[in-house]
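Below: one structure, written as structure tokens.
All figures in this text were calculated on a predicted structure; none of them were measured in a lab. In what follows, every chain begins at residue 1, and chains take the letters A, B, ... in the order their sequences are listed.
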Protein chains: 2
Amino acid sequence: MPRSAVRPYSHYSRDAAVLLGQLIRRGRIERKITAAELAQRAGLSRGLVQRIEKGDPGCAIGAAFEAAAIVGVRLFDADQAALSDLVTANQAMLALLPQAARASRIEAKDDF
Amino acid sequence: MPRSAVRPYSHYSRDAAVLLGQLIRRGRIERKITAAELAQRAGLSRGLVQRIEKGDPGCAIGAAFEAAAIVGVRLFDADQAALSDLVTANQAMLALLPQAARASRIEAKDDF
DNA sequence: ATTTTGTGATCTATTTATAGATCATAATGG
DNA sequence: CCATTATGATCTATAAATAGATCACAAAAT
């Protein structure tokens with residue numbers, strides 16, 4: 001919530017960010033990688049790695065995901081190939097849904 | 001990779017961001033919520049919602065997670081209570097690990 | 001077909017995140 | 001213990017993200 005965090009984050013999204021940070025830190029330490037090393041490998045500054053591991057909601061999602069990938073945290077319970085497949089599958093799903101939201105007749109039945 | 005994206009994002013993290021965006025858009029449309037409505041409820045601008053749904057890696061992770069929460073996208077396959085429990089459990093886990101990374105003798109065996 | 005409305009894209013002002021230092025502290029290995 | 005080094009915190013300059021418009025277009029309902 002960028003602009004002068006007037007509205008607070010929900011408990012859910014805050015916890016999600018914190019959990020991701022914990023998983024990254026855990027993965028990093030278990031692999032015996034220093035924060036500076038992770039930062040370098042991810043192309044980030046060490047300070048940013050610190051904030052990511054702390055669960056700071058203001059961090060760029062790409063930076064956090066990159067760090068996660070390096071220390072072996074699996075996003076969406078999927079490896080690289082599975083993730084790619086999910087993206088493709090969802091593309092197809094989205095093509096079937098109405099493109100603008102209002103009352104419509106398509107009742108999406110499947111989910112995966 | 002904020003500062004002058006000198007290093008590219010990995011395929012994995014880019015896909016993860018795109019997938020999250022897709023899931024959010026899908027959840028939003030299935031719930032017949034407009035982008036403007038989602039933006040308002042999440043405390044974001046409509047433009048930011050657009051970027052999040054597109055999978056822009058530069059978006060704040062808190063903003064993306066907030067939008068996800070509102071349209072019912074489950075992060076880490078967990079509902080609010082489960083997420084909170086995971087955070088607590090991980091806190092305990094992290095307490096057992098060495099606090100700085102170098103050669104150590106603790107061989108982390110469990111994962112969950 | 002018409003009208004309404006959601007969406008996508010673009011622009012600017014402003015806030016904010018980030019890189020890159022530095023310093024103090026704590027934890028690790030010897 | 002001692003030496004080393006990883007971490008945490010803080011500061012500044014700069015780049016980037018965000019809010020808030022506006023506009024054209026597409027899509028949906030009547």
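- At whole-Å resolution of the value, CD in B:Glu53 and P in C:dG6 are 14 Å apart.
- The CG atom of B:Leu97 sits 14 Å away from the P atom of C:dA27 (whole-angstrom rounding).
- Here D:dA19 presents its P atom at 12 Å from CD of B:Glu66, a figure rounded to the nearest Å.
- The side-chain hydrogen bond (donor to acceptor under 3.5 Å, both in side chains) test applied to A:Ser84 returns no partner, not counting sequence neighbours.
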Identify each atom pair where a protein N or O and an N or O of nucleotides 5-7 of chain D are less than 3.5 Å apart, giving names and distance.
{"residue": "D:dT7", "atom": "OP1", "partner": "A:Arg28", "partner atom": "NH1", "Å": "2.3"}
{"residue": "D:dT7", "atom": "OP1", "partner": "A:Arg28", "partner atom": "NH2", "Å": "3.2"}
{"residue": "D:dT7", "atom": "OP2", "partner": "A:Ala35", "partner atom": "N", "Å": "2.6"}

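- Taking atom CD of B:Glu37 as the reference point, atom P of C:dT5 lies 13 Å away to the nearest angstrom.
- Considering every non-hydrogen atom in both B:Gly72 and B:Arg31, the closest pair reads CA-NH2, 3.5 Å.
- For residues 60-85 of chain B, the set of pairs meeting the salt bridge (charged side-chain N to carboxylate O under 4.0 Å, His left out) definition, not counting sequence neighbours, is empty.
- Take B:Arg51 and apply the salt bridge (charged side-chain N to carboxylate O under 4.0 Å, His left out) test, not counting sequence neighbours, and it matches B:Asp56.
- For the salt bridge (charged side-chain N to carboxylate O under 4.0 Å, His left out) test, residues two or more places apart in sequence or in another chain that qualify with B:Glu53 are B:Arg25, B:Arg28.
- Residue B:Leu44 contributes atom CG, which lies 17 Å from atom C1' of C:dT7 at whole-angstrom precision.
- One interatomic measurement links the two molecules: CG of B:Leu38 to P of C:dG8, which rounds to 12 Å at whole-angstrom precision.
- Atoms CD1 (B:Ile61) and P (C:dT18) sit 11 Å apart, rounded to a whole Å.
- The side chain of A:Leu48 has C:dA19 as its nearest neighbour among D:dA19, C:dA19, D:dT18.
- Of the candidate nucleotides C:dT18, C:dA19, D:dT18, C:dT18 has the atom lying nearest to any side-chain atom of A:Ala60.
- Residue whose closest nucleotide on DNA chain C sits further toward the 5' end, between A:Arg51 and B:Gly47: B:Gly47.
- Note on B:Lys54: a side-chain N or O is less than 4.0 Å away from OP1 or OP2 of C:dA9.
- In this structure B:Gln22 satisfies the side chain to side chain contact (heavy atoms under 4.5 Å, CB included) test together with A:Val87, A:Asn90, A:Gln91, A:Leu94, B:Val18, B:Leu19, sequence neighbours excluded.
- Nearest heavy-atom pair, A:Cys59 versus A:Leu48, reported as atom, atom and distance to 0.1 Å: SG-CD1, 3.9 Å.
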